[in-house]
Amino acid sequence: MSTETSQPNPARGTPSDAAEGMSVVARTQGQIIRRRFFRHRAAIGGMITLGAVIILAYSSIGFGPFPGWWDKTYYSTASVVDGGRPTLSLLPSFLGGKGLRWGEHPFGQDNVGIDYFALVMRGTQQSLVVAFLIGIVSTAIGASVGATAGFFRGRTEAVLMRATDVIIAIPTLIFAAILAAAAGRAGIVALGLAIGAVTWTGLARLVRGEFLSLREKEFVEAARAAGTKSRRIIFKHIMPNTVGVIIVSATLAIAGGILLETALSYLGLGVRAPDVSLGSLISLYETAMPTRPWLFWWPGIFIVAIALSVNFIGDGLRDAFDPRQTRVRD
Amino acid sequence: MTIPSDPSMPSEPSKEAKMSDRPEARERARHVEHPVNDAPGRPQLAHHLDEVKPPSTEEILRVEGLTVNFPTDDGVVQAVRGVSYAVREREVLGIVGESGSGKSVSSMAVMGLLPKSARISGKIIYRGNDVLKMSPKEQRSLRGRKIGMIFQDPMTALNPVYTIGDQLAEAVLSHETVPRKHAMSRAEEMLALVGIPQPKQRLRSYPHEFSGGMRQRAMIAMAVINNPDVIIADEPTTALDVTVQAQILEKLLEVKDEVNSAIILITHDLGVVAGTAHRVLVMYAGKPVEVGETDEVFYRTRMPYTAGLLGSIPALETASGERLRPIKGTPPSLINLPPGCPFSPRCPLATDVCIESEPPLAATDALDHLAACHHWDQLAESDDPTVFFRAESEVGR
Amino acid sequence: MAVFMARRLVISIFTLLAASFIVFWGTSIAGDPMADLRGLQDEGQAQQQMMARRERMNLDVPVILRYFLWLGDLFTGDLGVNKFGQSVSGILAPAVSATLQLVIAATVLAIVLGVTIGIVSALRQYSGFDYTLTFAAFLFFSLPVFWVAVMLKQFGAIKFNDWLRDPTIPLPVILVFAVLSGLAWMAIAGGSRQRRLTALGVAFVATAGLLWTLSETGWFSDPGLGVIAVLVLAFGSAAGVTFLIAGFRHRPPLFAALATAAVGFVFYLASEPILEEPNWGLIFLLALVAIAVGLGIGYLLGGLQRRQAMAVGAVTAILVGGIIFVDYMLQSYGDYYGRVRGRPISTIGASTPNFRGGFWESGLDSAGHLILPTMALLLISFATYTRYTRASMLEVMNQDYVRTARSKGLTERTTVTKHAFRNALIPVTTLMAFDFGAVIGGAVITERVFGWQGMGFMFIKGLQDVDPPPVMAFFLIAGGSIVVFNMLADIAYAYLDPRIRVS
């Protein structure tokens, strides 16, 4: 689920003549990209939100040997207070709310009295880990396959691209479900690796396309004519030019990854009990929707917050890396 | 002001020292006299201007003080900063300039094809009526009917998914209520006029089945199918092979007489203008810098920029160890234009006055030969105006 | 072209075969197929069952061999049995139609809505409408389908059905809707300030008036169109189609559209005996007749604009037919409402159990069950189509040939609908093929939320049982329909782009 191209090329046709006349103040590529990225307000909002979610998830209940600041755990039960209603309140008292209050169980409690805030934080941690693993694995595979196919052409390309076609023939969710059915039992790392292993096809095609066009460019010809080794041409001359595509794709893979993982966990094929992810929490409590809706809302809100932030960051990065960005204001 | 020698130029020593005291000088002055038609690979026009019908005195299109601005994220781009010209029936006006000089933008303004973000002011008077004051509907009825346009790249200017016949007939049908068959036969006539063999069969072809030259012919046919008064040809030959270029220009002149229209020929190539245009307008940084009869501008250049352009045309004799004389530097940014002559940073004749005030477009020694230069008289004194643009290494030897 | 398509088909089949092996292998190693038997109390019985199952699933031979055994059976038309010994084709048959209905409905709707809105969004780039849609698209990209489906169940079905008992819309809600509609139309109208403000005002008044009338007259408790609404909608769509396809510069296309609408309306008035109890065959036949009539009227009245008039006539005929269809279906709403005890929007299954009714009633029943899962599924593709079409349209609008079209003096409408639209659709066809697989994946999730016993259920159950044959059957149908959809996309591509046809 990603938009392939979101920005058209405004520098075609009439305004190009005007754009050509603009002089560019000397700036390094990195500076230009950073400047464009920081101008993208949604992307900045996404960065802040994502950062806040990550810090909240890891600092609250802690992780590994590190304890968190929240005094309850995601596995210890307690007596259910007030029907397990959330104590979090954001509405000030003069507007009829209870004032800004955190309370004993900010997100409420589930039916056996487990603190739901701790549970959601645990789910968020697991979902984040899987999502980032998916991003890394699928980017690594996609970029390598695409680069190899695009650079070496010939038989290597034919074999790799046929293999990619075979994988594309299986709908992503179906393939991921099949691999996750086995890998999910082995824990979240295996799950992330398994899902990452099926979501790389889009990037492979993109990178291959970039390579095919870049290897025809003059500077690559020049390098080849100078007797540069293939490996060096790939890493020194072509790779840096595809970095934009790869980074943007990696970001979008993370956003797609969290949706895929939560969907699989919802179907019971991803993160398995007793461990939880945001998806399995929704699956667990979907029937509570009419009676205790907060058990349904919180994990969903966290999924949307993470996915939306990452998608916005991806959009900001795409704008930043896209050299065709010379927006003419209307 | 000295111009630093371009380090990218190969420093092969030149045999020449100073031009005026060498016998080659005369030789060189001679080929300045025909700077263009002698050039290798230049279109050799069989159909010269003197063979076509002369322009009448009836003025068709007049542009007065046209300016076009584009607001962008980085500031306002002043693409056109005051252009005025007029064309008469059957006259060919050449507009010459580098990319970004505003030549295309100004003609797009005439066509009403600029994006909505463009801010246009000035007057565009077609047969006494100001186009800019017309309703969108009236503007549309001029486009394609009274003012036709030919674009630079015939590869992309035709819609790939419709047949040539369909695209030609459409031009007729959008202005006249006639049967489709009628429009198709007109299209066939036009294809025949521009020299496409088997026009009837070709009506059913798609653009990708045509060669570049054929497509440009089809574009010409499309532009003239409604017998327009003015044809704006925006770099009509730039994307074509040199051999095809001449044919296309020739065809353009021929067709012009057939439909009695004026041509505004926009190009960056002085060679194209040389055999084709009656008058020339040279643009730089959004303004005309030299205007006059083609011969006047070519042989009695009064603006260093034009001289520079002439100097960068390769001539056959140049091959013998002597190099081209390019204009150093790049055109200025159109966002924050400094005061003064916009060409002054690149100009070998520039003095303090050039940096302080921008020269107006004013009459020179010939009355209808206008130039925007503080030092046009220096050019008038020199035999070969391109001499100022010789590479420093050449001069210093 | 035929050679090209045949080649594509052969390649697709081989790709599908290779993929089927991966699916088979993945399912086989997904866990322990005996898991459900290991906990049995009676060990002897468990042993016996395990033996039988081992025999049935060929567990003694390696996975590769098992795959080829399955493949061999497949070529004889046998989909095998699941691990409990039930015939897979027996389970598959009822599952297929429900799932394909869902997937196709969602895909078609997503394409139509996504492409339309994407184009409007591109034509009004940087407008409030465009920004809102861009944000909505990002939101949709980030929403988990299952979460939305559960919400739809809660609000779209349970709460909505509750509301239907006393269906009035409070005034503030009417006003909010009216303002939103006004703003949307203002952005869509574009152009001068006066034109935008007019659009705002008209849309606001129209929406508010319509909602208020519907609410006050209790329309929602027995929705229907009736003669007057059919008349208004028929002539309205005639005008709309004319505007989009031909414009109002010439009269003949408009006359053709109006005549077609009139003929359709006359048919509607006399249609009672034919449409009382039709079947799908008859409906299809009538649709063909409608198109023929539309084309004929266009031909007769078209004059110099015959081509356009015929297109206008045909499209108007289809739309008027659709309006009549909806009217008939809503006529049986009252009955249906009573029979489902006042809960027309269903949350579970693909049809009401043991529901028997005529053509229109069972049609309503399917619609009531399809609507929410389709909406949930739509979410996946709609945003993708919108973004993709928008990007493609923006790209095309900057092309030289669009400028050429304008330079010929074509109206903006012709430039957009004739020159830009068709070119903008070309890349969208490739998305169609790509997106269909994602919708099938989404259907698996949606079916689970809405408790459909469809193919998705079959897949998940097979996978959890470590039982390849049902999973393979699912994959064959899914993969096969993706191949078919790819072919359709190729045909559409070739139709749109003459450059492809020659190769």
Side-chain angles (χ1 to χ4, degrees), chain A residues 1-14 42 162-163 165-179 181-182 185 202 255-256 258-259 262-263 266-269 278-279 282-283 286 289-290 293 296 299-300 303-312 315 329-330, chain C residues 11-12 15-16 18-19 22-23 26-27 29-31 122 125-126 137-139 141-147 150-151 153-154 158 380 383-384 387-388 390-392 394-395 397-400 402-403 431 434 437-438 440-442 444-445 448-449 459-460 463-464 466 471 474-475 478-479 482-483:
Chain A
M1 293 214 294
S2 71
T3 41
E4 298 291 319
T5 51
S6 84
Q7 283 304 327
N9 182 359
R12 292 282 298 254
T14 37
R162 282 283 159 269
D165 283 346
V166 169
I167 290 178
I168 290 176
I170 314 173
T172 312
L173 183 109
I174 304 304
F175 201 175
I178 290 170
L179 291 194
R185 280 179 242 278
I258 191 163
L259 292 180
T262 51
Y266 172 82
L267 292 174
L269 297 166
L278 292 174
I282 292 177
S283 162
E286 65 175 307
M289 177 77 176
F296 167 79
I303 298 175
V304 176
I306 295 170
L308 195 59
S309 312
V310 177
N311 272 327
F312 276 138
D315 193 53
R329 238 186 282 130
D330 239 326
Chain C
I11 293 177
S12 304
T15 312
L16 207 57
I22 298 179
V23 173
T27 314
I29 60 149
Q125 198 189 5
Y126 304 136
F138 272 98
L139 189 64
F141 281 136
S142 315
L143 284 174
V145 182
F146 54 96
W147 194 61
V150 174
M151 281 203 299
K153 238 161 96 169
Q154 177 69 17
I158 299 173
I380 302 181
T384 318
R387 295 303 288 168
Y388 208 86
R390 176 180 179 273
S392 164
L394 285 175
E395 182 104 34
M397 288 302 282
N398 277 316
Q399 292 294 316
D400 288 355
V402 169
R403 192 176 55 177
L431 174 69
F434 182 74
I440 288 183
V444 171
I445 301 173
R448 155 82 191 258
V449 179
F459 166 71
I460 297 289
L463 194 55
Q464 279 167 338
V466 196
V471 172
F474 165 82
F475 176 70
I482 291 174
V483 169

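From a predicted model like this one, the values you see are computed outputs, not experimental measurements. The sequence lines fix the lettering, A, B, ..., with proteins before strands; numbering per chain opens at 1.
Highest contact tally toward chain C, considering only A/Leu267, A/Val310, A/Ile303, A/Asp165, is held by A/Leu267 [criterion: heavy-atom pairs under 4.5 Å]. Ranked by heavy-atom pairs under 4.5 Å with chain C, the list A/Thr172, A/Ile258, A/Ile178 is led by A/Ile178. Your options are C/Leu16, C/Ile158, C/Ile22, C/Val471, and the one with the most heavy-atom pairs under 4.5 Å with chain A is C/Ile22. If you tally non-hydrogen atom pairs under 4.5 Å between each of C/Ile460, C/Ile440, C/Ile11, C/Ile29 and chain A, the highest count goes to C/Ile460.
Heavy-atom minimum distance, A/Gly268 versus C/Gln464: O-NE2, 4.1 Å. The two residues C/Ile482 and A/Ala169 make their nearest non-hydrogen contact at CD1-O, 4.2 Å. Contact record, C/Phe141 with A/Asn311: CB-ND2, 3.7 Å, taken as the closest heavy-atom pair. Closest of all the heavy-atom pairs between A/Arg185 and C/Gly31 is NH2-CA, 4.0 Å. Between C/Leu463 and A/Ala177 the shortest heavy-atom distance is CD2-O, 3.5 Å. Contact record, A/Ile170 with C/Val23: CD1-CG2, 3.8 Å, taken as the closest heavy-atom pair.
Contact annotation for C/Val483: neither backbone nor side-chain heavy atoms come within less than 4.5 Å of a heavy atom of chain A. For a residue to count as touching a neighbouring chain, one of its non-hydrogen atoms must lie under 4.5 Å from one of that chain's; by this rule A/Ser283 touches chain C with the side chain only. For A/Ala255, no part lies under 4.5 angstrom from a heavy atom of chain C. Heavy-atom distances place both the backbone and the side chain of C/Met151 under 4.5 Å from chain A.
For the atom pair CD (A/Glu286) and NZ (C/Lys153), the distance works out to 5.5 Å, reported to the nearest 0.5 Å.
Looking at C/Trp147, its side chain does come within 3.5 Å of a backbone N or O of A/Phe296 through a donor-acceptor pair.
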* Could you walk me through whether C/Thr15 and A/Ile168 pass the side-chain contact (heavy atoms from CB on, under 4.5 Å) test, one step at a time? => CA-CA 9 Å; C/Thr15 312; A/Ile168 290 176; over 6 Å; no
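When side chains are defined from C-beta on, A/Val304 counts as touching C/Leu139, because their heavy atoms get closer than 4.5 Å.
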